[in-house]
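Protein chains get the first letters and strands the later ones, always in sequence-line order, with residue 1 at the start of each.
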Amino acid sequence: MKRLTVKEIFALEPDGRSITVKGWIRTKRETKAAVFLELNDGSRMGNLQCVFGEAEAAANSGEIARAGTGASVSVTGSLVASPAAGQKLELRAESVSVIGEAPAETYPLQKKAHSLEFLREIAHLRPRTNTFGAVARVRNRMAFAVHQFFQGRGFQYIHTPLITASDAEGAGAMFQVTTLDLARIASSGQEPDYSKDFFGKPAYLTVSGQLNVETYCEALGSVYTFGPTFRAENSNTSRHLSEFWMIEPEVAFADIGDNMDLAEDFLKHLVTVALEDCAEDLEFFDKRIQPGLLESLRKVISSPFTRMSYTDAVKELEKSPGSFEFKPYWGCDLQSEHEKFLTEKVAGGPVIVTDYPKEIKSFYMKVNEDGKTVRAMDVLVPRFGEIIGGSEREEGLEVLLGRIRDLGLREQDYWWYLDLRRYGTTPHSGFGLGFERLMLYVTGMTNIRDVIPFPRAPKLADF
RNA sequence: UCCCCUGUAGCUCAGCUGGCAGAGCAAGUGGCUGUUAACCACUGGGUCCCUGGUUCGAACCCGGGCGGGGGAGCCA
């Protein structure tokens with residue numbers, strides 16, 4: 001008999017049809033008159049309750065004994081309306097066969113709640129829990145929604161490289177990629193000769209696809225990348241990973257206003273899709289992980305994001321100098337506490353902050369007429385702050401060269417990037433969205449290590 | 001990298017002033033008229049993170065190390 005998923009089964013009428021379902025046992029409850037197996041196969045949040053009457057329980061007693069929490073089973077029976085509260089459907093089971101046992105003495109997952117910290121230590125089994133099953137389903141839907149959003153607007157998906165021989169991306173410490181035996185070279189007291197290395201020069205894992213994707217933007221108009229990026233920063237926080245997925249759109253002939261509109265539409269689209277297509281999983285997060293999540297997400301899509309310049313944001317902060325550990329002043333980088341204040345106290349929702357002092361932003365951002373600020377825009381959200389960083393890019397060759405020199409960067413490292421300004425330059429804008437930060441935002445989870453299947457962070461590369 | 005907290009049963013934790021190792025849940029066994037975080041009873045279960053020290057005596061105090069969490073910085 002064809003296997004039906006639990007999700008498929010819950011779309012059927014309880015007409016007594018005979019079905020077979022396969023999955024993993026979540027809990028088993030036994031009484032004298034009946035045995036209840038809760039079966040989950042990951043297709044949806046909820047389980048299928050398989051009920052064995054006294055006769056069926058007796059006929060299957062051997063297999064039922066082996067069907068403990070975590071065991072994989074195949075159950076056949078008839079689909080009926082449930083006579084008890086708690087579920088609309090259930091399987092009146094006739095037979096069960098255990099495919100793989102999960103001995104209770106050693107199986108780490110129990111039919112009780114576990115801490116997220118404990119589950120992190122068994123990352124290979126945690127997708128079998130409600131929480132991580134829901135995270136995986138939402139993550140899948142969000143990844144698809146990213147492509148749907150951009151493809152629906154005529155953007156081209158560009159695959160930017162993961163290995164780069166340029167250390168000029170300027171977004172943080174990089175992991176080196178080499179085939180040289182560095183330990184042996186060091187013990188012999190010599191310096192590595194990178195002309196002998198695989199690429200003939202030092203190479204690294206990318207920290208951003210932006211510079212590369214700009215080249216395709218200046219040919220195809222509207223483009224985006226969506227792929228893994230790597231940061232070798234020694235940052236130990238609930239908001240940072242060493243390996244994370246980033247979405248970077250880049251649009252030609254677009255200014256910072258267009259960029260803000262795109263970012264806002266993008267976030268609202270993703271939240272809308274989550275609310276519509278992941279309702280069951282989001283209800284779980286709202287109930288068990290982050291009370292108020294659904295309400296705040298609905299609010300996000302129903303009202304425009306607050307937009308303010310950095311200068312105005314600092315003025316807002318200066319009105320409440322006593323509420324901060326770090327006193328805000330014009331020219332300071334916004335601290336976490338400042339970002340939280342702006343989103344939670346001033347705006348009560350997402351805030352787009354623009355036109356930052358050029359000293360605290362990257363070389364490629366377009367300098368404003370005032371000569372002091374750049375057309376940067378950061379989208380800040382309640383709970384954890386920056387979720388998007390972007391800007392209008394400097395399209396003038398001389399201004400860009402000046403910025404590179406002022407910051408002490410080497411012009412020759414950017415020769416091909418500068419060519420984009422030498423030949424057919426255009427205004428253009430783009431931003432980066434950390435996919436895992438989006439996941440934190442949409443699920444209400446609070447640690448970024450819990451929204452990626454196998455987190456990579458300092459001292460953490462198991463599984 | 002810095003600051004704070006923390007490490008005791010499979011899990012979550014308690015363990016007072018240094019003096020016999022504890023609870024709840026989970027598991028096992030039995031019971032229970034359809035349960036659903038099932039319920040009731042009983043039973044088994046320990047490298048008190050590692051290491052060095054202080055002490056008659058250390059889970060507890062001190063030094064060092066390792067792991068986990070929260071916050072900060074860097075950022076997405």
Over all strands shown, is [X] touching base, sugar-phosphate only, or nothing at heavy-atom distances under 4.0 angstrom?
X        : value
A:Glu90  : base
A:Glu30  : base
A:Thr229 : nothing
A:Glu337 : nothing
A:Ile247 : nothing

Please confirm whether [X] and [Y] have ring centers closer than 6.0 angstrom.
X        : Y        : result
A:Phe435 : A:Phe226 : yes
A:Tyr157 : A:Tyr224 : yes
A:Phe363 : A:Tyr414 : yes
A:Phe150 : A:Phe266 : yes

* Asked: Which of residues 98-122 of chain A have a heavy atom under 4.0 Å from RNA chain B?
  -> A:Ala104, A:Gln110, A:Lys111, A:Lys112, A:His114, A:Ser115, A:Glu117, A:Phe118, A:Arg120
* To do: Look at the rings of A:Tyr441 and A:Phe384 and say which category their plane angle falls in: under 30° parallel, 30 to 60° tilted, over 60° perpendicular.
  =>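 Judged by the thresholds at 30° and 60°, the geometry between A:Tyr441 and A:Phe384 is perpendicular.
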Using the [atom1] atom as the reference point in each nucleotide, state the distance between [N] and [M] in Å, no decimals.
N     : M     : atom1 : answer
B:C40 : B:U6  : P     : 34 Å
B:G30 : B:G44 : C1'   : 15 Å
B:G45 : B:A37 : C1'   : 23 Å
B:G68 : B:A41 : P     : 39 Å
B:G28 : B:G63 : C1'   : 44 Å
B:A59 : B:A21 : P     : 8 Å
B:C2  : B:C56 : P     : 38 Å
B:C60 : B:C20 : P     : 13 Å

Establish, with yes or no, whether the OP1 or OP2 oxygen of [N] is under 4.0 angstrom from a side-chain nitrogen or oxygen of [X].
X        : N     : result
A:Thr31  : B:U33 : no
A:Ser238 : B:G71 : yes
A:Gln335 : B:A72 : no
A:Arg239 : B:A72 : yes
A:Asn234 : B:G73 : no
A:Ser336 : B:G73 : yes

Calculate the interatomic distance between [X] atom [atom1] and [N] atom [atom2]; express it in whole Å.
X        : N     : atom1 : atom2 : answer
A:Lys28  : B:A26 : NZ    : C1'   : 14 Å
A:Lys459 : B:G65 : NZ    : C1'   : 13 Å
A:Lys340 : B:G71 : NZ    : C1'   : 9 Å
A:Glu339 : B:A76 : CD    : P     : 11 Å
A:Met174 : B:C75 : CE    : P     : 15 Å
A:Leu334 : B:G73 : CG    : C1'   : 14 Å
A:Ile388 : B:A76 : CD1   : P     : 11 Å
A:Arg26  : B:U35 : CZ    : C1'   : 18 Å

* If every non-hydrogen atom of A:Gln110 is compared with every non-hydrogen atom of A:Thr69, which pair is closest and at what distance? ->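 That would be C-CG2, 4.4 Å.
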* Is there a donor and acceptor pair closer than 3.5 Å between the side chain of A:Arg29 and the base of B:C32? ->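 When only heavy-atom distances are counted, A:Arg29 does not reach the base of B:C32 through any donor-acceptor pair under 3.5 Å.
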Base-pairing mate for [N] - Watson-Crick or G-U, with both contacts under 3.5 Å:
N     : value
B:A72 : B:U1
B:A23 : B:U12
B:U47 : none
B:G67 : B:U6
B:U29 : B:A41

* To do: Compute both the distance and the angle, then confirm whether A:Arg44 meets the cation-pi test with A:Phe10: under 6.0 Å from the six-membered ring centre, within 45 degrees of the axis.
  =>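 The answer is yes, since A:Arg44 meets both limits relative to A:Phe10.
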* To do: Could you check which of B:C75, B:G73, B:A76 has an atom nearest any side-chain atom of A:Asp333?
  => B:C75
* **Per-pair stack call A:Phe244 and B:A76, 5.5 Å, 30°** =>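 Yes, A:Phe244 stacks on the base of B:A76, since the ring centres sit under 5.5 Å apart and the planes are within 30°.
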* 5' priority, RNA chain B, between A:Arg449 and A:Gly389 [closest heavy atom] -> A:Arg449
* Taking atom types as modelled, is there a side-chain donor on A:Gln49 or A:Arg29 under 3.5 Å from an acceptor on the other? -> yes
* **ring pair (Phe, Tyr, Trp, His ring centres under 6.0 Å) between A:Phe155 and A:Phe149, worked out** => CA-CA 9 Å; A:Phe155 283 60; A:Phe149 176 83; 7.2 Å; no
* Asked: Looking at A:Arg393, A:Glu214, A:Lys366, which one forms a side chain to side chain donor-acceptor pair (under 3.5 Å) with A:His428?
  ->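 Only match with A:His428 under side chain to side chain donor-acceptor pair (under 3.5 Å): A:Glu214.
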* What residue among A:Phe324, A:Phe326, A:Tyr310, A:Tyr329 forms ring pair (Phe, Tyr, Trp, His ring centres under 6.0 Å) with A:His338? ->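 Among A:Phe324, A:Phe326, A:Tyr310, A:Tyr329, the one meeting ring pair (Phe, Tyr, Trp, His ring centres under 6.0 Å) with A:His338 is A:Phe324.
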Give me the distances for all protein-to-nucleotides 2-8 of chain B N/O pairs that come in under 3.5 Å?
none

* To do: Start with the C-alpha distance between A:Glu250 and A:Tyr216, add both sets of side-chain angles, then the distance that settles side-chain hydrogen bond (donor to acceptor under 3.5 Å, both in side chains), and finish with yes or no.
  => CA-CA 9 Å; A:Glu250 196 74 29; A:Tyr216 272 71; over 6 Å; no
* Exam field: side chain A:Asp286 to backbone A:Gly292, donor-acceptor pair closer than 3.5 Å ->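 Yes; at least one donor-acceptor contact below 3.5 Å.
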